[in-house]
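Remarks on the structure that follows.
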Amino acid sequence: MVTATFHFHDELNEFLPAARRHRAFATPCARAATAKHMIEALGVPHTEVGLVRINEADAGLDQMLQEGDRVSVFPGSLPPPSPVLFVADAHLGGLARLLRMAGFDTLYDNAFHDAEIASISAQQQRIVLTRDRDLLIRKEILHGCYVRALKAEPQAQQVLARYRLAQQARPFTLCLHCNAPLRPVAKSEVEAGLPPQVRALHQTFRRCDVCKRVYWKGSHWQRMDSLLRRILGQPD
């Protein structure tokens, strides 16, 4: 067994017990432990780590720790995969809906289990969105984001800012319910199922070919558009 000294910086301290925040502390490490192993053993998911320095030199998460090593850990994340795809855990339905509203492909099902989310992330190169740090520690997950806020709007702002996505938004191009693309549809194809007032006032429609929901720019759309502008930092 070896002993190393760790110092976590900025928001990474949120994952630590109060006595270890914003200070260096020594801790025993298992023999042959890597930086990743110990960082996660101390409570910080690898997906939240942007830079590791060992003895003042840049280091990889896979570097083996030696007796007396001084490890500094800074927040950040890997560049996102392209295209940017998300999978949200069961507690983030509101966030998933807002990301879909902004045009970002986001899988969500409140029946998803952690193992299923990890598998989807690995197979489809999706960024995991969660407030469960134990999920982010799973080795299959390369890209993930610990969502700090409790409400959907600041959650969406955090995710979009972290991955610098505001300029890539394509509002109202995905179905809010099933995540499938929306396509323009002739009024004649959908008017039989429209409320009378909508039939009288609107001429432009989009439809999801998966769930068959129909969308139009009514008062609800206006409220959603205003919400999106706030999230994306755009003027009304």
| Within a strict 4.5 Å, meaning less than it, do heavy atoms of the K217 and Q222 side chains meet? | no
Identify every side-chain donor-acceptor pair in residues 108-120 under 3.5 Å, counting partners at least two apart or on other chains, and give the distances.
{"residue": "Y108", "atom": "OH", "partner": "A90", "partner atom": "O", "Å": "3.1"}
{"residue": "D109", "atom": "OD1", "partner": "A111", "partner atom": "N", "Å": "2.8"}
{"residue": "S119", "atom": "OG", "partner": "Q123", "partner atom": "NE2", "Å": "2.9"}

| field | Any side-chain heavy-atom pair of V49 and V44 under 4.5 Å | value | yes
| field | R164 CZ: over 12 foreign heavy atoms closer than 6.0 Å | value | no
| said: Tell me whether K36 contacts the main-chain N or O of Q63 through its side chain, where contact means a donor paired with an acceptor under 3.5 Å. | reply: no
| field | Side chains of R230 and E153 in contact at under 4.5 Å (non-hydrogen atoms) | value | yes
| message | I'd like to check the salt bridge (charged side-chain N to carboxylate O under 4.0 Å, His left out) partners of D209; sequence neighbours left out, ordered by chain and number. | response | R183
| Run the side chain to side chain contact (heavy atoms under 4.5 Å, CB included) check on R138 and V128 step by step: do they pass? | CA-CA 11 Å; R138 285 179 173 259; V128 175; over 6 Å; no
| message | Among residues at least two apart in sequence or on other chains, which ones pass salt bridge (charged side-chain N to carboxylate O under 4.0 Å, His left out) with D225? | response | R229
| request: Report yes or no: do L85 and L92 belong to one cluster of Ile/Leu/Val/Met/Phe/Trp/Tyr joined by side chain heavy-atom distances under 4.5 Å? | output: no
| task | Indicate if L174 and L232 have the same hydrophobic cluster label, given that clusters are the connected sets of ILVMFWY residues with side-chain heavy-atom separations under 4.5 angstrom. | result | no
| query | Does L16 offer a backbone N or O that forms a donor-acceptor pair with the side chain of R21 under 3.5 Å? | reply | yes
| query | Are T47 and C145 side-chain neighbours, meaning at least one heavy-atom pair lies under 4.5 Å? | reply | no
| At what distance, to the nearest 0.5 angstrom, does CG of D105 lie from CD of Q124? | 8.0 Å
| said: Please check this pair: side chain of T173 against backbone of R170, looking for a donor-acceptor N/O pair closer than 3.5 Å. | reply: yes
| Closest heavy-atom pair and its distance - I141, S121 | CG2-OG, 4.2 Å
| What heavy-atom pair brings T5 and A24 nearest, and what distance separates the two atoms? | CG2-CB, 3.8 Å
| request: Using a 4.5 Å cut-off on heavy atoms from C-beta on, say whether the side chain of I127 contacts that of Y163. | output: yes
| remark: Residues at least two apart in sequence or cross-chain that pass side chain to side chain donor-acceptor pair (under 3.5 Å) with D58, listed by chain then number, are R53
| query | Got a donor-acceptor contact below 3.5 angstrom from the H9 side chain to the H22 backbone? | reply | no
| Are L61 and V52 close enough, and set up right, to give a side chain to side chain contact (heavy atoms under 4.5 Å, CB included), and what steps lead you there? | CA-CA 7 Å; L61 284 168; V52 177; 3.8 Å; yes
| message | Using the salt bridge (charged side-chain N to carboxylate O under 4.0 Å, His left out) criterion, which residues pair with R207? Sequence neighbours excluded. | response | E189
| Residue pair T27 / R20: nearest heavy atoms and the distance that separates them | OG1-NH2, 3.9 Å
| Nearest-0.5 Å distance, CD1 of residue I137 to CD of residue E48 | 10.5 Å
| note | One should read off an interatomic distance between K212 NZ and C178 SG, to the nearest 0.5 angstrom, of 10.0 Å
| query | Between R206 and F172, is any pair of side-chain heavy atoms under 4.5 Å apart? | reply | no
| said: Is there a continuous path of hydrophobic side-chain contacts, each under 4.5 Å between heavy atoms, that joins L227 to F104? | reply: yes
| query | Which ILVMFWY residues are connected to F205, directly or by a chain of links, through side-chain heavy atoms under 4.5 Å apart? | reply | V185, V190, L194, V198, V214, W216
| said: Measuring centre to centre across the rings, with the benzene-like ring taken for any Trp, is Y215 within less than 6.0 Å of W221? | reply: no
Table please: side-chain donor-acceptor pairs of residues 64-76 below 3.5 Å, with sequence neighbours left out.
{"residue": "E67", "atom": "OE1", "partner": "T3", "partner atom": "N", "Å": "3.0"}
{"residue": "D69", "atom": "OD1", "partner": "N55", "partner atom": "ND2", "Å": "2.9"}
{"residue": "D69", "atom": "OD2", "partner": "Q66", "partner atom": "N", "Å": "2.7"}

| task | Can you see which heavy atom on L136 is nearest to which on H46, and at what distance? | result | O-CE1, 3.1 Å
| said: Please check: side-chain N/O of R126 versus main-chain N/O of F86, any donor-acceptor pairing under 3.5 Å? | reply: yes
| Q203 to K187 - nearest heavy-atom pair and separation | NE2-NZ, 3.1 Å
| said: Tell me every residue that passes side chain to side chain donor-acceptor pair (under 3.5 Å) with H7, counting only those two or more places apart in sequence or in another chain. | reply: none
| message | If we ignore hydrogens and angles and just use 3.5 Å, is the side chain of R133 paired with the main-chain N or O of P45 as donor and acceptor? | response | no
| message | Suppose we screen for side chain to side chain contact (heavy atoms under 4.5 Å, CB included). Which residues come up paired with S82, at least two apart in sequence or across chains? | response | none
| task | Would you give the length of the straight line joining atom CG of L42 to atom SG of C29, rounded to the nearest 0.5 angstrom? | result | 7.5 Å
| Does some side-chain heavy atom of L129 sit less than 4.5 Å from a side-chain heavy atom of V87? | no
| field | From T34 atom OG1 to D62 atom CG, the distance as rounded to the nearest 0.5 Å | value | 7.5 Å
| message | Suppose we screen for side chain to side chain donor-acceptor pair (under 3.5 Å). Which residues come up paired with R148, at least two apart in sequence or across chains? | response | E14
Considering only distance and modelled atom types, tabulate donor-acceptor pairs under 3.5 Å from the side chains of residues 93-100, sequence neighbours left out.
{"residue": "R100", "atom": "NE", "partner": "T106", "partner atom": "O", "Å": "2.9"}
{"residue": "R100", "atom": "NE", "partner": "N179", "partner atom": "OD1", "Å": "3.4"}
{"residue": "R100", "atom": "NH1", "partner": "L176", "partner atom": "O", "Å": "3.1"}
{"residue": "R100", "atom": "NH1", "partner": "H177", "partner atom": "O", "Å": "3.2"}
{"residue": "R100", "atom": "NH2", "partner": "T106", "partner atom": "O", "Å": "2.9"}

| query | So do Q158 and P154 actually touch side chain to side chain, heavy atoms under 4.5 Å? | reply | no
| Tell me the ring pair (Phe, Tyr, Trp, His ring centres under 6.0 Å) pairs involving residues 116-147, sequence neighbours left out? | F15-Y146
| message | Testing the basics here: between I54 and A35, what is the closest heavy-atom pair and its distance to 0.1 Å? | response | CD1-CB, 4.4 Å
| field | Value rounded to 0.5 Å, distance of NE2 in H91 from CG in L150 | value | 12.5 Å
